[in-house]
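Side-chain atoms are counted along with the backbone in the values below, which use heavy atoms only and exclude waters and symmetry mates. In what follows, chains are A, B, ... by sequence order, proteins preceding strands, each numbered from 1.
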Number of protein chains: 2
Amino acid sequence: MKRNSRLSLALHTLGHMAVNPRKMRTSAEIAEHAGTNPVVVRRVLGKLRQAGLLISEKGHAGGWQLAREPQEITLADIYLALDESLIATGRTEEPSRCSVEHALHQKVASVMADIEKSLIERLASTTIAEVGGAESGHL
Amino acid sequence: MKRNSRLSLALHTLGHMAVNPRKMRTSAEIAEHAGTNPVVVRRVLGKLRQAGLLISEKGHAGGWQLAREPQEITLADIYLALDESLIATGRTEEPSRCSVEHALHQKVASVMADIEKSLIERLASTTIAEVGGAESGHL
DNA sequence: CATCACGAAACTTAAATAGTTACGAGAATA
DNA sequence: TATTCTCGTAACTATTTAAGTTTCGTGATG
Ligand code: FES
Ligand code: FES
């Protein structure tokens, strides 16, 4: 697994959960499907839990589950829960003494903000129920 | 200097060039202003030269210069010349056997493609002449 | 022909991310 | 109550990517 895999992992996992929302999944199971490590899974899903998308329980019958109906969870919810903006705008800049740099940064930051907003709108139009759709896979 | 600084460096440099298009700048001068290394500057500007935005010349009076008028160079030109998509869509995926993953990837890739197109349109609406604008800075 | 600048290759350093190990806490089961 | 299962978290290692550096060759100028 490579870079920026957190979003992929989250989307994939919740896509499967949408197919079978009642099933309790352990991080070990999920990790095996995703070809990664249980701890990595817990790290990523932990953020989704913080955002109120997932519920986790400890102990014997423990594991992970959707916190609400699949129709009520959009791709934007997942994207925002991870707060790792795909739109990388250079970096956080200190106040530059150079006016050209400053003007540029203003312009680019403004464009990027619009673009991210538009990205979120697009993602918000699809739920995990739709994308997990007609599926009877092995997870 | 950190990550994804190539675009920043390119924009900043061309912004200054737009203010004073006749001046020949050496990579050493540019590097000093940008707080980086001449070789890094040549690497980045080299891509802009390949894209036909800049001209470089060797020798005594050598250095870098705009290949055309500042009014004819947009931020999109620069972005595209570097071809380092800010929109990181997970990664190049091998054909996945998992239909959920496949559906997800299709959806996300489609959204990302739209978003990038829209980003380029936005960037194309500003030229470096505009952003370098009313400037008499020290470069 | 000496100098200056780019071009490019090779290498080193630094940062970010994923992966791993390890252990504690809570919940169900026996 | 003891055992077992699973999450939560911290600390560490490994991998990957980008930036920075060194070095040498080439062409142009004076
Ligand atoms: S991974 Fe999507 S199915 Fe097992
Ligand atoms: S850096 Fe923009 S002015 Fe020197």
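- For C/dA5, the OP1/OP2 oxygens have no side-chain nitrogen or oxygen of B/Ser56 closer than 4.0 Å.
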Provide a list of protein-nucleic acid N or O atom pairs under 3.5 angstrom, restricted to nucleotides 24-27 of chain D.
from	atom 1	to	atom 2	distance (Å)
D/dT26	O2	B/Lys58	NZ	3.3
D/dG27	N2	B/Gly59	N	3.0

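- A distance-only check finds no donor-acceptor pair linking the side chain of A/Glu101 to the backbone of A/Cys98 [under 3.5 Å].
- Rounded to an integer number of Å, the gap from B/Leu82 CG to D/dA19 P is 10 Å.
- Rounded to an integer number of Å, the gap from A/Glu29 CD to D/dT6 C1' is 11 Å.
- Residue B/Ser27 is tested with B/Val40, B/Val41, B/Thr36 for a side chain to side chain contact (heavy atoms under 4.5 Å, CB included); the sole match is B/Val41.
- We find that CG of B/Asn37 is positioned 14 Å from C1' of C/dC6, with the value rounded to whole Å.
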Distance-only donor-acceptor pairs under 3.5 Å for side chains of residues 47-69 of chain A, two or more places apart:
from	atom 1	to	atom 2	distance (Å)
A/Lys47	NZ	A/Asp83	OD1	3.2
A/Arg49	NE	A/Ser56	OG	3.4
A/Gln65	NE2	A/Arg22	O	2.7
A/Arg68	NE	A/Glu72	O	3.0
A/Arg68	NH2	A/Glu72	O	3.2
A/Arg68	NH2	A/Asp77	OD2	3.3

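- Between A/Glu57 and B/Gly46, the residue whose closest nucleotide on DNA chain C is further toward the 5' end is B/Gly46.
- Axis deviation across the helix from C/dC1-D/dG30 to C/dA30-D/dT1 amounts to 0°, comparing end segments of five pairs, rounded to 10 degrees.
- Look at A/Thr36 and you'll find a side-chain N or O under 4.0 angstrom from OP1 or OP2 of C/dG19.
- Atom CD1 in B/Ile55 sits roughly 16 Å away from atom C1' in D/dA28 (whole-Å rounding).
- For B/Thr26, the listed nucleotide lying nearest its side chain is C/dC6; candidates were C/dC6, D/dC7, C/dT20.
- Remark: A/Thr74 OG1 to A/Arg122 CZ distance equals 13.0 Å, nearest 0.5 Å.
- Distance, B/Met24 CE to C/dA5 P: 11 Å, rounded to whole Å.
- Going from atom CD1 of A/Ile120 over to atom CD1 of A/Ile115 covers 11.5 Å, rounded to the nearest 0.5 Å.
- Looking at heavy atoms from C-beta onward, A/His33 lies out of side-chain contact with A/Thr13 at the 4.5 angstrom threshold.
- Atom CZ of B/Arg25 is separated from atom P of C/dC6 by 13 Å (rounded to the nearest Å).
- Judged by distance alone, with hydrogens and angles left aside, the side-chain atoms of B/Ser118 form no donor-acceptor pair with the main-chain N or O of B/Asp114 at under 3.5 Å.
- In this structure, B/Glu32 contributes its side chain and B/Glu29 its backbone to no donor-acceptor pair below 3.5 Å.
- C/dG7 atom P lies 12 Å from atom CG of B/Leu48, rounded to whole Å.
- Sequence order on DNA chain D of the closest nucleotides to A/Ser27 and B/Ala61 puts A/Ser27 first from the 5' end.
- In this structure, CG in B/Leu123 is found 8.0 Å from CG in B/Leu80, a value given to the nearest 0.5 Å.
- Between A/Arg49 and A/Arg43, the residue whose closest nucleotide on DNA chain D is further toward the 5' end is A/Arg49.
- The separation between B/Glu32 atom CD and D/dG20 atom C1' is 16 Å, rounded to whole Å.
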